[in-house]
Amino acid sequence: MELRNTYTTGSFRDAFPGESTEVEFKSGTGANPIGEAAVALSNTNGGVIFVGLDDNGHVAGRRLDQGMSEQLNQALLACHELGRYSILEVTVDDRRLVAIKVAKRAEGFAQTSNGRVLVRRGPRNHALLGTELFTFISSRALQRFESVPSELPIDQANADLLEEVGAARGWLPSDPHLPDRLRERGLAHGEMLTVAGALLLTRPGDTLELKKCVVEVRRYRGEGVNYDRRQVFDGPLQHQVRDASRYISDELGTDLIVSGVFRYDLPRLPEVVVREAVANAVAHRSYEQDRSATVVELRDDRVVVRSPGGLPEPVTVATMRAAQSARNPIIIEVLRSLSLAEDAGRGVDVMQDSMRDALLDAPAFEDSGSFVTVTLPLRGPITDRERGWISELERSFAVAPHERLIMIHAARGEALTNGAARDLLGTTDAAEARAVLQSLRDRGLLRQAGQRSAARYTLHPNLSTPAAYRLSQEELSEMVMAAARERDIVNSDVRAITGLTALETTKLLNQMVSSGRLLRSGVRRGARYSAVG
C-alpha cells in the first residue's frame with residue numbers, strides 16, 4: 001500500500017474513505033487494540049493503522065513523539081511473530097496522524113500477546129478457531145517468504161549482479177528470455193522480482209526496507225557483553241557471505257607454531273568452516289524477522305554465529321546431519337552455484353569433519369525457536385605444540401588427517417590397542433582400525449609389540465618428538481641455559497630449540513629471569529637473554 005507523508009483533507013478521504021480489509025482507524029493507543037489490529041493485518045493482506053482518527057475518519061490528531069513511539073513499539077513487540085512494520089507521521093492539512101504500516105506475513109502467522117490468531121474481514125478483526133484455524137495454519141506452512149513477489153520490477157535488478165549470478169547459472173544478462181530464466185529459478189514472479197531475487201540481485205537494505213538484512217561481526221575481549229570492534233556487511237547476500245567470511249578469517253588469524261627448525265602458520269579455524277557457517281546462517285535465516293541481524297561473535301576461545309528464526313521443519317538439532325530442509329531453497333541454490341555453500345545435505349558434515357580434521361572440538365548447534373546458534377570452538381584435544389609437531393609429520397611422512405590423533409596419542413607415550421584406535425578414528429570397524437595402525441607401522445611411525453588381540457602400538461623410537469614433549473620444565477630450562485652460555489639468545493632461539501609456542505617461551509624466559517638464572521636486556525622484540533654466572 002502506497003502511503004504519502006502529506007495529504008489534504010480531501011486527498012486523504014479519497015485515499016482512505018473508511019476502514020477496510022487493509023485500513024484501521026484508532027483514536028487511542030491502547031496496547032490490546034493496536035496489537036489485535038496489527039496481527040489481523042499481518043495475517044491477511046497487510047495494511048495501515050492510523051492513530052488519531054475516530055471510526056468515522058475524523059482527524060483528531062496525534063504526534064509521533066518519543067513517548068508515542070515507545071508505547072506503540074511496546075504494543076507491537078508484545079505480539080508473537082508479527083510481520084514487518086514501520087511507524088511514521090502523516091500530515092493532513094495542519095494536523096498530524098501516526099501511521100503504522102504492517103506487512104503481510106507470507107510464511108508462518110502472527111498471534112496477539114495472549115495467543116489469539118486474527119485475520120481481517122472487511123473492517124473487522126476476526127478470530128480463527130477450530131477447523132478454520134487449522135486450515136489457515138496449514139496453508140501458511142506451505143508458503144515461503146522468499147518466493148513472494150516484491151514490489152521491484154525485474155528491470156530494477158543490478159546489471160553486475162545479474163551477470164554474476166547468470167554466469168553461475170549458465171545464462172547471460174543479454175539473453176532475450178532473461179525474465180523467463182529468473183522465473184524458472186524463483187528469482188522473479190510475473191514481472192516482479194521475488195524477495196529472493198531482490199536479496200540476491202539488489203541491495204536489499206535499500207530496496208526491500210529490510211534494515212537488518214546484514215551480517216554483523218562483533219569482536220569481544222573476554223566474556224563481557226561489550227565488544228571492541230564491530231563491522232557490518234550489507235549488500236546482496238552472496239557478497240555478505242563472501243566478504244564477512246574473509247573478514248572473520250582475517251580477524252582470527254593464525255597460530256604461529258615452531259617445531260624443530262620449521263615454522264607453521266596454522267589457521268585458528270578452517271576457512272571452509274567459517275564460510276559454511278556464515279552461508280548457512282544467511283541462507284536459512286528468517287527474513288520476515290527483520291528486526292534482528294545475523295550476528296557473528298568473535299570470542300577469545302570460540303566463534304558464535306546466530307541467525308534469526310528456528311530450524312525449518314522437520315529438521316532438529318538431533319537430525320541435522322540426516323534431515324534436509326532449506327528455509328530459503330532459492331537462496332541456498334544460488335550460493336551453491338557461486339561456490340559459497342556446500343551441496344545439499346553436506347554443509348553440517350563439512351563443518352563437523354573439517355573441525356575434526358583440524359583437531360578442534362566439534363561445533364555445537366542450538367535452536368531456541370527464535371534463533372539458531374552455531375558455536376565453533378577455537379580449541380581442541382591437543383596443544384599448540386602438538387599441532388606443530390603433527391604438521392611436521394604431515395610434511396615429512398604424508399600423515400593423513402584421520403591418522404593425526406593416533407600419532408598424537410602415541411607421542412604422549414600411550415600404547416595403542418585396536419579398541420583405542422577405533423575410538424580415535426570414530427569407527428566401530430576393527431579391520432579399519434587395524435589397517436590404519438599397520439600402515440603407520442609400515443611407514444616407520446609406530447612400532448608393534450605382540451600379535452592379534454595382544455598387539456600394542458607405540459611411537460617408533462627413531463621418530464623424535466619436540467623437546468617440549470619429552471622434557472620437564474627443569475630440563476627445558478637447562479637446554480635454554482646451555483644455549484645462553486654460548487651466546488646471548490632471543491625468544492625465537494628458544495622456540496627453535498624447544499618447540500615451545502611463543503607464549504610458552506615468553507613464560508619460561510620470564511621465570512628464568514625472575515629466578516636469577518638469566519639476565520634480560522632490551523624490551524619486547526628487542527629483548528636478549530644472557531646466562532648469569
Side-chain angles (χ1 to χ4, degrees), residues 1-6 15 22 42 45-48 83-86 88 99 101-107 143-215 232-244 279 282-283 285-291 293-294 308 326-338 340-341:
M1 173 182 292
E2 183 180 357
L3 191 62
R4 304 202 309 266
N5 293 327
T6 304
E22 298 180 357
S42 180
N45 295 319
V48 61
R84 293 176 291 123
Y85 72 85
S86 57
L88 60 153
K101 191 174 180 181
V102 181
K104 174 186 176 180
R105 277 196 67 94
E107 182 182 331
Q143 299 184 47
R144 295 186 185 275
F145 179 61
E146 65 160 358
S147 62
V148 173
S150 69
E151 298 179 359
L152 296 172
I154 291 176
D155 61 12
Q156 293 295 307
N158 179 277
D160 292 336
L161 297 176
L162 273 173
E163 183 174 0
E164 177 186 37
V165 173
R169 303 306 308 172
W171 37 261
L172 299 173
S174 58
D175 188 335
H177 301 291
L178 178 61
D180 292 332
R181 302 289 176 264
L182 295 174
R183 295 184 194 105
E184 291 167 2
R185 297 297 179 184
L187 300 173
H189 186 278
E191 300 305 315
M192 299 293 178
L193 293 174
T194 59
V195 171
L199 288 168
L200 294 159
L201 300 174
T202 72
R203 293 182 63 86
D206 299 330
T207 57
L208 290 179
E209 298 182 358
L210 295 174
K211 302 306 180 186
K212 290 294 186 177
C213 173
V214 298
V215 176
V232 175
F233 298 89
D234 56 10
L237 298 191
Q238 64 271 31
H239 292 185
Q240 292 186 30
V241 173
R242 184 182 297 124
D243 297 342
V282 167
R285 66 158 288 177
S286 169
Y287 285 97
E288 282 200 296
Q289 295 186 29
D290 71 327
R291 291 181 290 276
T294 297
R327 178 185 295 279
N328 303 310
I330 300 169
I331 293 171
I332 193 65
E333 181 184 9
V334 171
L335 293 181
R336 286 170 181 151
S337 70
L338 294 168
L340 293 173

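Quick note: residue numbers are just sequence positions, from 1.
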Treating [X] as the side-chain partner and [Y] as the backbone partner, does any N or O pair qualify as donor plus acceptor under 3.5 Å?
| X | Y | result |
| --- | --- | --- |
| D234 | R203 | no |
| E146 | T194 | no |
| S337 | R169 | no |

Using a strict cut-off of less than 4.0 Å between a Lys/Arg side-chain nitrogen and an Asp/Glu carboxylate oxygen, indicate whether R336 and E333 qualify as a salt bridge. no
Ionic contact status for R183 with E191, cut-off 4.0 Å: yes
When every non-hydrogen atom of H177 is compared with those of D175, the smallest separation belongs to N-OD1, 2.8 Å
Which heavy atom of A283 sits nearest to which heavy atom of I331, and what is that distance? CA-CG2, 4.0 Å
According to salt bridge (charged side-chain N to carboxylate O under 4.0 Å, His left out), who are the partners of E163, at least two apart in sequence or on a separate chain? none
For H189, does the NE2 atom have more than 12 heavy-atom neighbours from other residues, nucleotides or ligands under 6.0 Å away? no
First locate atom CG of L152, then atom CG of L208, and finally report the distance between them rounded to the nearest 0.5 Å. 5.5 Å
About how many Å separate CD of Q156 and CG of L201, when rounded to the nearest 0.5 Å? 12.0 Å
Sequence neighbours excluded, the answer for ring pair (Phe, Tyr, Trp, His ring centres under 6.0 Å) partners of Y287 is none
Given side chains that start at C-beta, do those of L338 and E164 come closer than 4.5 Å, heavy atoms only? yes
Partner of L199 under side chain to side chain contact (heavy atoms under 4.5 Å, CB included), chosen from P204, S150, P236: P204
Quick one: side-chain contact (heavy atoms from CB on, under 4.5 Å) partners of N158, sequence neighbours excluded? D160, L161
